[in-house]
2 protein chains.
Amino acid sequence: MHPFATGPRDRVDALGEGGLITAIRRWLGKTCPRAPAGIGDDCAVLPAVRARQLLTVDPVIFGRHFDATVPPAAVGAKLLKRNLSDIAAMGGKPRVAVVSLCLDRATRIRWLQAFHRGLAATARRYGVALVGGDVAEAPGVLIATLTLLGEADGKRVLTRKGARAGDWIVVTGRLGGSLSSGHHHRFTPRLTEGRWLARRSEIRSMMDVSDGLAKDLAALTPSDSRAVLDLGAIPRRRGCTLAAALGDGEDYELLCTVRDGTDLTSLHRAWRRRFPTVPLTVIGRFARKSAAGPAPDHLPATGYEHLRSAP
Amino acid sequence: MHPFATGPRDRVDALGEGGLITAIRRWLGKTCPRAPAGIGDDCAVLPAVRARQLLTVDPVIFGRHFDATVPPAAVGAKLLKRNLSDIAAMGGKPRVAVVSLCLDRATRIRWLQAFHRGLAATARRYGVALVGGDVAEAPGVLIATLTLLGEADGKRVLTRKGARAGDWIVVTGRLGGSLSSGHHHRFTPRLTEGRWLARRSEIRSMMDVSDGLAKDLAALTPSDSRAVLDLGAIPRRRGCTLAAALGDGEDYELLCTVRDGTDLTSLHRAWRRRFPTVPLTVIGRFARKSAAGPAPDHLPATGYEHLRSAP
């Protein structure tokens, strides 16, 4: 469904701001608590928390993160799941979200309804309350920005820093072809996997793969090291080239580093018992920059870089 | 300064995403803590909090909340202050914010620099840490969405609900003409005033005036009551008509209700001692719907309604 109506019917401006907010509350149903815990006051009021908190924000933009071929319910799901993937990448648990909508006045009400139903279904599935937001008019665009607040699960928050020379590089799932396969909106954020990994002391650092392995890996690489990858080991989605697996992005898989000296067979066995359908693959290792060797010097940075002009 | 470059120079796409994020961290300076407390990891990691938390989100959109005549530093300040006003409206204290930027690749770097410097200066002033965000490309637009997390100050969070028939209606500052006077970006969010009011038990409910008094007042009005206003008492900005004071919006003043039977003179005296330069004005009262009287039946809803088509 195209999000913008071409005729005079089914346009959001027929509702007005007040009518749209009332409709959104109806569409969200029980995932939106009553004010002031949910939509309806100046802020959402949330209970105190004992754990450290995790805060992240990501939008979906029409023409960039979705187009008219993606069902609106899947767009709503993707909006939340993109952010859930960031919480997963630190081993956390999601709690509450707020959504800011910037939309053209010709946006279809039916599109918005399906979008919010998809968002609410995903929120229910992952135990997230949708506690507030904002709607504003912006000609020609449809952008939904979600901010997600979560918390640490247990004592450990796994950051991007912590890997050392000699550590192994490991990735969940398969990479590449996210856009063409529909994975970019059908994926399951690796929340359970992220919490499991964060509880294991041999995992030293973690992130999610969103801009492509080749680009994202730099964030985990210690300054004294280079990433040496076994290119043949990189788990690719069916029909994907190596370049696609390295550079496509929107994989929403977890990339982590494992302490040198870890019994990888035993780690792998424990993983398979817990997550029998999700691959966990050792794809390389950090080598000290000074060390000589037959491995490629470093990985070419072919990941998706936003906003870069063509050379 | 117009935010979009017309020639090939000073365009953000010359930086690329990575370069822009590096520049943003530099522009934000000390208001952006080091990762994982600030920009640079999948989420920002925040300490646990004992108090209840307040969460709100609001954008600024080029062509709607600002235009090329508003200095970019003032746009950055406005973005944060709009959200601070929501925290003020519940008597809270702000803590941390994340910002999502959706921008055309022709956006001027100089504009973005001044915007972030203005945002950072405002954040410093109000003790807010800028802990994360996102940048994404969206053709033809410039939208910054800020999510602000705050906390309750003391035991009380003042919501919009709580007024009863007979209660007085009170407003801070002056209303109307926000756009033409530049108040919409020069205003001072009423944080100190909001906390002061929330600590006084005679104040029963509160909100900020953003869509205009006439529209916003409905949110405070008890279901069994109607708002009866003394139109002559409404404090107007210099040169403003009554209609402007009632309907313009973007006032960012506090509107609150005071328990029937309160000694208004004593309340007013205490206020003046604490806030000698900010007016606090009693503008009306809630009357029971059944009660007869010479007062106007209800207030015409002439506030600014977003997204409504012209009739």
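Each chain gets a letter, A, B and so on, in the order the sequences are listed, and its residues count up from 1.
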A.B. asks: At a 4.5 Å cut-off on heavy atoms, which part of B:Met207 comes close to chain A: side chain, backbone, both, or neither?
C.D. replies: both

A.B. asks: For A:Val157, is it the side chain, the backbone, both or neither that has a heavy atom under 4.5 Å from a heavy atom of chain B?
C.D. replies: side chain

A.B. asks: Please check: side-chain N/O of B:Asp134 versus main-chain N/O of A:Asp58, any donor-acceptor pairing under 3.5 Å?
C.D. replies: no

A.B. asks: Taking the side chain from B:Arg64 and the backbone from A:Glu137, do they hold a donor-acceptor pair closer than 3.5 Å?
C.D. replies: yes

A.B. asks: So for A:Ile143, is it side chain, backbone, both, or neither that comes closer than 4.5 Å to the heavy atoms of chain B?
C.D. replies: side chain

A.B. asks: Taking every heavy-atom pair that is under 4.5 Å apart, which of B:Gly132, B:Gly63, B:Ala51 has the most such pairs with chain A?
C.D. replies: B:Ala51

A.B. asks: What distance separates B:Leu54 CG from A:Asp41 CG, expressed to the nearest 0.5 Å?
C.D. replies: 9.5 Å

A.B. asks: For B:Val45, which atoms come within 4.5 Å of any heavy atom of chain A: side chain, backbone, both, or neither?
C.D. replies: both

A.B. asks: Among B:Ala152, B:Ala35, B:Pro59, which has the most heavy-atom pairs under 4.5 Å with chain A?
C.D. replies: B:Pro59

A.B. asks: With a 4.5 angstrom heavy-atom cut-off, which part of B:Ile61 approaches chain A: side chain, backbone, both or neither?
C.D. replies: side chain

A.B. asks: Is A:Thr145 in contact with chain B via its backbone, its side chain, both, or neither, using a 4.5 Å heavy-atom distance?
C.D. replies: side chain

A.B. asks: Looking only at non-hydrogen atoms, find the nearest pair between A:Met90 and B:Pro36 and report the distance.
C.D. replies: CE-CB, 4.3 Å

A.B. asks: Output the option from B:Cys102, B:Ala138, B:Gly92, B:Ala88 having the highest count of non-hydrogen pairs under 4.5 Å with chain A.
C.D. replies: B:Cys102

A.B. asks: Would you mind checking which part of B:Arg50 comes under 4.5 Å of any heavy atom in chain A, side chain (CB onward), backbone (N, CA, C, O), both or neither?
C.D. replies: backbone

A.B. asks: Stepwise, does the side chain to side chain contact (heavy atoms under 4.5 Å, CB included) test hold for B:Asp42 with A:Met206?
C.D. replies: CA-CA 9 Å; B:Asp42 291 280; A:Met206 188 158 65; over 6 Å; no

A.B. asks: What part of B:Val141 gets within 4.5 angstrom of chain A, counting heavy atoms only: side chain, backbone, both, or neither?
C.D. replies: side chain

A.B. asks: Quick check for you: among B:Val131, B:Thr56, B:Val49, which has the greatest number of heavy-atom pairs under 4.5 Å with chain A?
C.D. replies: B:Val49

A.B. asks: Considering only heavy atoms, which portion of B:Pro47 lies under 4.5 Å from any heavy atom of chain A: side chain, backbone, both, or neither?
C.D. replies: backbone

A.B. asks: Can you tell which part of B:Ala44 gets under 4.5 Å to a heavy atom of chain A, answering side chain, backbone, both or neither?
C.D. replies: both

A.B. asks: Check whether any side-chain N or O of B:Asp86 sits under 3.5 Å from a backbone N or O of A:Cys43 as a donor-acceptor pair, and report yes or no.
C.D. replies: no

A.B. asks: Heavy-atom cut-off 4.5 Å, strictly under: side chain, backbone, both or neither for A:Ile87 against chain B?
C.D. replies: both

